[in-house]
Amino acid sequence: MASSVQILGTGQLVTLSRRMRAAGGARLRQNMTRRIRRAAEPLHRELQGAVRTMPLQSEGRKRNRHGQMGRGGPTPTTRPFRPMLAGGVRLSVRTTSSPGARVWIDRSRIEPKARNVLGQINQTGRLRHPVFGNRRRWANQRSQAGWWTRRVQAGVPRMRAEVERVLGDVRRDLQ
């Protein structure tokens, strides 16, 4: 899974950031950073919303070896699952080296046992996990494969066009 999307246009952005630095335009750089962030925020919000509302269908409860319905147990994570995963989708903007906007999955914000969940769902459309932490009993949940890739491909053209518009405005301000 492409765990991040970057709008770089590096040649234009690098040249522009050098010219801004030479012009001493801290205000101009802050303005450009803010506008590039605003261009990337809709995609960021859409990806977070997709994680929060992603359908995960279960195969249903199965009977244990004695023919009885299994019992539940405590959750193995300390935070609610979907908000924790959505919090891992981050947005960053740079105007110095490799300038641009980046929407990515920050694995350090996701609990250790769930760090590969988003990639697993994107690649296979399936989430396989132990039932309440019991590693002898596993469950499968189905979802849409390619959820990240489809949304990124749909959002990148609008984001790229907005960044190019911002670059044009900044270029005009520098002249």
Side-chain angles (χ1 to χ4, degrees), residues 1-18 20 28-59 76-129 138-172:
M1 170 179 98
S3 63
S4 71
V5 58
Q6 297 180 29
I7 299 298
L8 295 175
T10 33
Q12 295 174 353
L13 284 171
V14 168
T15 305
L16 214 54
S17 79
R18 284 185 187 140
M20 283 189 325
L28 198 59
R29 187 172 50 249
Q30 288 172 346
N31 185 25
M32 185 176 99
T33 301
R34 181 175 29 83
R35 290 182 63 193
I36 290 175
R37 179 175 296 278
R38 274 197 206 140
E41 280 175 351
L43 179 61
H44 178 240
R45 282 193 302 268
E46 182 183 348
L47 288 169
Q48 283 186 326
V51 171
R52 286 187 183 99
T53 60
M54 186 183 307
L56 284 172
Q57 283 88 28
S58 171
E59 292 179 343
T77 60
T78 57
R79 298 182 287 171
F81 189 64
R82 289 173 194 246
M84 172 195 57
L85 293 176
V89 179
R90 303 275 310 271
L91 168 66
S92 62
V93 177
R94 297 171 90 183
T95 56
T96 54
S97 66
S98 66
R102 180 176 174 216
V103 180
W104 54 291
I105 296 173
D106 184 358
R107 292 173 186 257
S108 69
R109 288 188 158 208
I110 299 175
E111 299 233 356
K113 289 184 179 178
R115 288 195 175 143
N116 295 325
V117 166
L118 295 174
Q120 185 181 7
I121 293 172
N122 187 56
Q123 287 177 353
T124 63
R126 182 180 83 151
L127 172 60
R128 188 171 190 285
H129 61 90
W138 290 77
N140 288 312
Q141 290 182 286
R142 303 241 175 253
S143 188
Q144 300 168 348
W147 68 273
W148 174 275
T149 310
R150 277 195 311 276
R151 282 178 176 81
V152 165
Q153 287 173 348
V156 164
R158 188 205 55 77
M159 193 168 139
R160 187 176 305 274
E162 182 66 23
V163 168
E164 286 175 7
R165 192 172 68 84
V166 168
L167 290 176
D169 292 348
V170 170
R171 216 178 278 118
R172 245 188 328 274

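On a predicted model such as this, the values are computed, not experimentally measured, just so you know.
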**Student:** Where do Ala39 and Glu162 come nearest, in terms of heavy atoms and distance?
**Tutor:** CB-CG, 3.2 Å
**Student:** Of all the heavy-atom pairs spanning Arg107 and Arg115, show the shortest one and how long it is.
**Tutor:**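 Shortest heavy-atom contact: O-NE, 2.7 Å.
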**Student:** Ignoring hydrogens and angles, tell me if any N or O in the side chain of Asn122 forms a donor-acceptor pair with the backbone of Trp147 under 3.5 Å.
**Tutor:**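 A pair under 3.5 Å: yes.
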**Student:** Give the intermediate values and the outcome of side chain to side chain contact (heavy atoms under 4.5 Å, CB included) for residues His129 and Lys113.
**Tutor:** CA-CA 10 Å; His129 61 90; Lys113 289 184 179 178; over 6 Å; no
**Student:** Give the intermediate values and the outcome of side chain to side chain contact (heavy atoms under 4.5 Å, CB included) for residues Val51 and Leu47.
**Tutor:** CA-CA 6 Å; Val51 171; Leu47 288 169; 5.8 Å; no
**Student:** Kindly compute the distance separating CZ (Arg142) from CZ (Arg128), expressed to the nearest 0.5 Å.
**Tutor:**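 One finds 11.0 Å between CZ of Arg142 and CZ of Arg128.
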**Student:** List the atom of Ser143, the atom of Ile121, and the distance in Å for their closest heavy-atom pair.
**Tutor:** CB-CG2, 3.9 Å
**Student:** In Å and rounded to the nearest 0.5 Å, what is the CD to OG1 distance from Gln144 to Thr149?
**Tutor:**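 Atom-to-atom, Gln144:CD and Thr149:OG1 are 12.0 Å apart.
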**Student:** Specify the closest pair of heavy atoms between Arg35 and Asp169, including all atoms of both residues, with the distance to one decimal.
**Tutor:** NH2-OD2, 2.6 Å
**Student:** What do the steps show when you test Gln30 against Arg34 for side chain to side chain contact (heavy atoms under 4.5 Å, CB included), and what is the final call?
**Tutor:** CA-CA 6 Å; Gln30 288 172 346; Arg34 181 175 29 83; over 6 Å; no
**Student:** Looking only at heavy atoms, what is the nearest atom pair of Gly88 and Arg109, with distance?
**Tutor:** CA-CB, 4.1 Å
**Student:** What's the spacing between Glu41 CD and Met159 CE if we round to 0.5 Å?
**Tutor:** 10.5 Å
**Student:** I'd like to know if the side chain of Arg150 and the backbone of Ala145 have a donor-acceptor N/O pair within less than 3.5 Å.
**Tutor:** yes
**Student:** Which pair of non-hydrogen atoms, one from Val89 and one from His44, has the smallest distance, and what is that distance?
**Tutor:** O-NE2, 2.9 Å
**Student:** Among all residues two or more places apart in sequence or in another chain, which pass the salt bridge (charged side-chain N to carboxylate O under 4.0 Å, His left out) test with Arg38?
**Tutor:**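 Result, salt bridge (charged side-chain N to carboxylate O under 4.0 Å, His left out) vs Arg38: none returned.
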**Student:** CZ/Arg37 to CG/Leu91 distance, rounded to the nearest 0.5 angstrom?
**Tutor:** 4.5 Å
**Student:** Can any side-chain N or O of Gln120 pair as donor or acceptor with the backbone N or O of Leu127 at less than 3.5 Å?
**Tutor:** no
